[in-house]
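These numbers come from a predicted model, not from an experiment. Because only heavy atoms are used, hydrogens play no part in the values below, and waters and symmetry mates are left out as well, while side chains stay in.
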Amino acid sequence: GRGRGALPVSERKTDTSSAAWRNGPRSSSRKVVAQLDRAQDLAIQRINRVGRALMVEIFLQHGSSRVPVLGTVFGMVSSDPSQVGQAAYCAVLSGVARADVVLLAELTPQLQDWLAYIASYPPFAARQIIAALFPLVRLSPSFLDYMVMLLRKLLSAPSLEMRQVAVYGFGLFLSYVVGDTIPE
């Protein structure tokens, strides 16, 4: 049934010119999709944050995991095509350095092996790696020498971006020598 006073379907007028008719279901579904996209992005950011924190804690708490964690970081930085992914793994390296640079200094030989391939890393990631590892220069004169040699090599790299990474690294070095601070 029809309610009192209701017209049969065939006799009802439909206003196709109104905004409600044009935007109705499509507009509301677009809003829902946009809200779901934002919620998904937020969830992914939180999961990434938790993952980074777990990797840092695993590195700090389990001595046998330190080399594999760093190997994963360097491997993913060199193979992840997205800058977001590279930044996430660089953040793990930075988190490890901030949490306990002495533990990281114990792995200087392995770090130097991984840094030997820095010219093949994306420039964005190379800058982040250099910045993350720069606190080690205070603890290890041999690492300081290695970083200077590495940056000198990058200055003669064929890629302009890698030469810019070298200049960035020397800027960190100069701020360390002149200002006795390491910028964030």
Side-chain angles (χ1 to χ4, degrees), residues 32-151 154 159 161-162 164-166 168-173 175-176 180-184:
V32 169
V33 168
Q35 289 172 341
L36 288 173
D37 285 346
R38 284 192 298 273
Q40 183 180 13
D41 289 345
L42 183 60
I44 289 170
Q45 289 173 0
R46 288 179 179 166
I47 290 168
N48 284 339
R49 196 174 323 124
V50 169
R52 289 190 307 265
L54 281 173
M55 286 184 79
V56 170
E57 282 304 312
I58 289 169
F59 178 90
L60 295 173
Q61 301 300 323
H62 302 285
S64 63
S65 71
R66 292 184 182 131
V67 171
V69 166
L70 291 179
T72 299
V73 166
F74 281 96
M76 292 306 293
V77 163
S78 66
S79 65
D80 193 323
S82 75
Q83 197 172 26
V84 173
Q86 295 162 7
Y89 285 101
C90 289
V92 170
L93 185 60
S94 182
V96 164
R98 279 194 310 271
D100 197 338
V101 72
V102 174
L103 283 179
L104 194 58
E106 293 173 5
L107 301 172
T108 298
Q110 289 91 348
L111 290 170
Q112 290 174 347
D113 288 344
W114 286 312
L115 286 172
Y117 300 100
I118 199 159
S120 66
Y121 294 163
F124 165 82
R127 275 191 298 278
Q128 295 230 343
I129 289 169
I130 289 171
L133 294 178
F134 214 79
L136 290 175
V137 300
R138 288 185 174 175
L139 297 176
S140 172
S142 67
F143 189 76
L144 171 65
D145 293 342
Y146 180 81
M147 287 296 285
V148 170
M149 183 207 55
L150 179 70
L151 295 173
L154 288 177
S159 160
E161 291 88 3
M162 279 300 130
Q164 290 172 334
V165 168
Y168 172 79
F170 277 119
L172 287 176
F173 180 73
S175 69
Y176 167 68
D180 198 31
T181 61
I182 297 176
E184 291 294 320

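The heavy-atom pair separating Tyr146 from Ala116 by the smallest distance is OH-N, 3.3 Å. For the residue pair Ala131 and Leu172, the shortest heavy atom distance occurs at CA-CD1, 3.7 Å. Annotation for Met162 and Tyr121: closest pair CE-O, 3.1 Å, computed over non-hydrogen atoms. The shortest non-hydrogen separation linking Gly85 to Asp80 is CA-OD2, 3.2 Å. The nearest pair of heavy atoms linking Gly169 to Leu151 is C-CD1, 3.5 Å. Heavy-atom minimum distance, Ala126 versus Val165: CB-CG1, 3.9 Å.
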Checklist entry - How far apart are the C-alpha atoms of Leu42 and Arg46, what are their side-chain angles, what is the distance that settles it, and do they pass the side chain to side chain contact (heavy atoms under 4.5 Å, CB included) test? => result CA-CA 6 Å; Leu42 183 60; Arg46 288 179 179 166; 3.7 Å; yes
Item to check | Val73 and Phe59: CA distance, side-chain angles, deciding distance, side chain to side chain contact (heavy atoms under 4.5 Å, CB included) verdict | outcome: CA-CA 11 Å; Val73 166; Phe59 178 90; over 6 Å; no
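Between atom CD1 of residue Ile58 and atom OG1 of residue Thr72 there is a gap of 10.0 Å, rounded to the nearest 0.5 Å. Note: Glu106 CD to Leu136 CG = 11.0 Å, rounded to the nearest 0.5 Å. With rounding to the nearest 0.5 Å, the separation of CG in Leu144 from CZ in Arg138 is 11.5 Å. Separation of atoms CG (Leu93) and CE (Met55) is listed at 10.0 Å; rounding is to 0.5 Å. Rounded to the nearest 0.5 angstrom, Gln86 CD and Ser79 OG are separated by 9.0 Å. Rounding to the nearest 0.5 Å places CG of Leu111 at 6.0 Å from CZ of Phe143.
Partners of Asp100 according to the side-chain hydrogen bond (donor to acceptor under 3.5 Å, both in side chains) rule, which considers only residues two or more places apart in sequence or in another chain, do not exist here. Contacts of Glu161 classified as side-chain hydrogen bond (donor to acceptor under 3.5 Å, both in side chains), with partners at least two apart in sequence or in another chain: Ser159.
Between Met147 and Leu115, the closest side-chain pair of non-hydrogen atoms falls below 4.5 Å. Side-chain atoms of Thr108 and Leu139, non-hydrogen and from C-beta on, never get closer than 4.5 Å to each other. Proximity of Arg66 to Leu103: side-chain heavy atoms (C-beta onward) are separated by under 4.5 Å at one or more points.
Counting only distance, with no hydrogens or angles, the side chain of Ser78 and the backbone of Gly75 share a donor-acceptor pair below 3.5 Å.
Using cut-offs of 30° and 60° for the angle between ring planes, the Phe134 and Phe173 rings count as perpendicular.
Of the residues listed (Val92, Ile118, Ile129), the one engaging Val77 in a side-chain contact (heavy atoms from CB on, under 4.5 Å) is Ile129, and it is the only one. Between Tyr89 and the options Met76, Gln128, Arg52, a side-chain contact (heavy atoms from CB on, under 4.5 Å) holds for only Met76.
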